[in-house]
*Asks:* 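Can you read through this structure? Questions will come right after.
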Number of protein chains: 2
Amino acid sequence: MAARQGDTKAEIRQVAMELFTQQGYEATSLREIAERLGVTKAALYYHFRSKEDIVRSLFGDYLAALDDLVAWASTQAPGPQLRTQVIDRMLHLSAEHGRQAMQFALANQHVVRELHPGRETASELLRTLFGAITDPNATMQEALRIRVALLSVNLTMFAAQGLDATDAQVDAAARDIAHLLS
Amino acid sequence: MAARQGDTKAEIRQVAMELFTQQGYEATSLREIAERLGVTKAALYYHFRSKEDIVRSLFGDYLAALDDLVAWASTQAPGPQLRTQVIDRMLHLSAEHGRQAMQFALANQHVVRELHPGRETASELLRTLFGAITDPNATMQEALRIRVALLSVNLTMFAAQGLDATDAQVDAAARDIAHLLS
DNA sequence: GTCTATACGTGGATAGAC
DNA sequence: GTCTATCCACGTATAGAC
């Protein structure tokens, strides 16, 4: 209890991230988060304005960075080079925001979707990104493989759960796999 | 409304599958399902005993089949052959239960987890499966790639959303990708 | 900065009429 | 087979005291 002055907000974020990832966003109540921390629901409202505010504070940065990536890719000419660059940037994002963020995003797609106010939904975003890196004349097989290559970055982070590996090792493996597919 | 005798149950299942996949299980209320069908909540309770009962009727078969696969794989010796066989069986499962089931499972992992009464959780199940097909002496990189190969089957189904492709084409692409990685 | 108390809506679920 | 009416628990959120 010595460590409960000023960092309460950080603790809330940490517990919320954990529970949201394990059980899902809707399945996790504020009461649950509060109990786990030994505080009351009302205490949470001192630090955050709403439940959505918590999740937003958890992923706002990542989503914004993803937006930027998509916007940038849309201005480039499709082709193998762009593919490589986009994959590298995805890896960079994953490394920067941590595996847990990826796992949350995968487990709470519909929540992430709602967090995009007035913007594209997550699937539209993905579709835009796919379009940007895929040659218009590509066959269906090629297009599909490129999509899987891109998604494999996050999938690898997910698959690494419980595996005895450093972040750097996982990053390297993700890069190998994505490039193998693209 | 002529088509509202006897197939109501089927309609409920269909709408539920759709909404659960799009919005998530908890985020979808029974009221929402009922309204969409033009009936009342109480009507749903005539056909199903609970909300969980609906989702169970949607995925019980798939989960049972997955259980069988894991149990079988555990009795086999790990190696390249087993890997190929497991991947083929996964493809078979996906084909049999449809892409939408895969999408639901991916979007509602924590719900699927709860549906396993007295059994392993979904992640334990996956871990068991991974263990069965991975050589104990494999490097971390190899182990990770095998995991991703297995998961890529479902991922490919997911990635095929909105793509103009037949089920057979997607299956074939999934097989290629999984084998490329394994 | 954290609490008690409470309001309010909604969700799942049941009883009983038609 | 579907409806109305209703119950109860829970979830988010607020007001105001300490």
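So that the names make sense, note that chain A is the first sequence line, chain B the second, and so on, each numbered from 1.
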*Asks:* Parallel, tilted or perpendicular: which one describes the rings of A/Tyr25 and A/Phe20, with boundaries at 30° and 60°?
*Replies:*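 Correct class here is perpendicular.
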*Asks:* Strictly below 4.0 Å, N to O, side chains only: are B/Asp176 and A/Arg145 in salt-bridge contact?
*Replies:*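 No, no charged N to carboxylate O under 4.0 Å.
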*Asks:* Atom CD1 of B/Ile33 and atom P of C/dG11: how far apart are they, to the nearest Å?
*Replies:*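 B/Ile33 atom CD1 is separated from C/dG11 atom P by 11 Å.
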*Asks:* Write down the distance between CD (A/Glu32) and P (D/dG11), rounded to a whole number of angstrom.
*Replies:*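 Rounding to the nearest Å, CD of A/Glu32 and P of D/dG11 are 8 Å apart.
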*Asks:* Looking at A/His97 and A/Leu93, would you say the former's side chain and the latter's main chain have a donor-acceptor pair under 3.5 Å?
*Replies:*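 Pair found, side chain donor or acceptor close to backbone of A/Leu93.
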*Asks:* Look at B/Thr8 and D/dT2 and indicate whether a side-chain polar atom (N or O) is within less than 4.0 Å of OP1 or OP2.
*Replies:*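 For B/Thr8, the contact criterion (side-chain N or O under 4.0 Å from OP1 or OP2 of D/dT2) is met.
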*Asks:* Could you tell me whether the phosphate oxygens of D/dT2, OP1 or OP2, come under 4.0 Å of any side-chain nitrogen or oxygen in B/Thr40?
*Replies:*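 Looking at the OP1 and OP2 atoms of D/dT2, neither is under 4.0 Å from any side-chain N or O of B/Thr40.
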*Asks:* Going by atom types alone, do A/Ser57 and A/Arg13 pair a side-chain donor with an acceptor below 3.5 Å?
*Replies:*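 Judged by distance alone, the side chains do pair up.
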*Asks:* For the pair made of CD in A/Glu35 and P in D/dG11, what is the distance, rounded to whole Å?
*Replies:*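 It is 10 Å, rounded to the nearest whole Å.
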*Asks:* If we ignore hydrogens and angles and just use 3.5 Å, is the side chain of B/Lys9 paired with the main-chain N or O of B/Leu44 as donor and acceptor?
*Replies:*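 Looks like no, no N/O pair under 3.5 Å.
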*Asks:* Side chain of B/Arg113, backbone of A/Gln22: donor and acceptor closer than 3.5 Å?
*Replies:*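 Checking the backbone N and O of A/Gln22 against the side chain of B/Arg113, a donor-acceptor pair under 3.5 Å is found.
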*Asks:* Whole angstroms only, please: what is the CG-P distance between B/Leu37 and D/dG1?
*Replies:*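 Whole-Å distance recorded here is 15 Å.
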*Asks:* I'd like to know if B/Arg36 and B/Glu32 make a salt bridge, using a cut-off of under 4.0 Å between side-chain N and carboxylate O.
*Replies:*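 Looking at B/Glu32 together with B/Arg36, the answer is no, because their closest N to O distance does not fall below 4.0 Å.
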*Asks:* Which residues, if any, of residues 17-24 of chain B bring a heavy atom under 4.0 Å of DNA chain C?
*Replies:*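 Within this stretch, nothing sits under 4.0 Å of the strand.
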*Asks:* Where along residues 42-51 of chain B does a heavy atom fall under 4.0 Å from DNA chain D?
*Replies:*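 Result for residues 42-51 of chain B: B/Ala42, B/Ala43, B/Tyr46, B/His47, sorted by number.
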*Asks:* Between the side chains of B/Gln169 and A/Gln141, does any donor sit under 3.5 Å from an acceptor?
*Replies:*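 Absent: no donor and acceptor within the cut-off.
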*Asks:* Apply the side-chain contact (heavy atoms from CB on, under 4.5 Å) test between B/Arg89 and each candidate in B/Leu69, B/Leu66, B/Thr84; give the one that qualifies.
*Replies:*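 One option only clears the test, and that one is B/Leu69.
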*Asks:* Rounded to whole angstroms, how far apart are CZ on B/Arg31 and P on D/dT4?
*Replies:*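 So the two atoms are 15 Å apart, to the nearest Å.
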*Asks:* Rounded to whole angstroms, how far apart are CD on A/Glu26 and C1' on D/dT12?
*Replies:*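 Interatomic distance, CD of A/Glu26 to C1' of D/dT12: 13 Å.
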*Asks:* Just how far, in rounded Å, is P of D/dA9 from NZ of A/Lys41?
*Replies:*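 My rounded result for the distance is 15 Å.
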*Asks:* Starting at CG of A/Leu30 and ending at P of D/dC10, how long is that distance when rounded to a whole Å?
*Replies:*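 For the pair A/Leu30 CG and D/dC10 P, the rounded distance is 15 Å.
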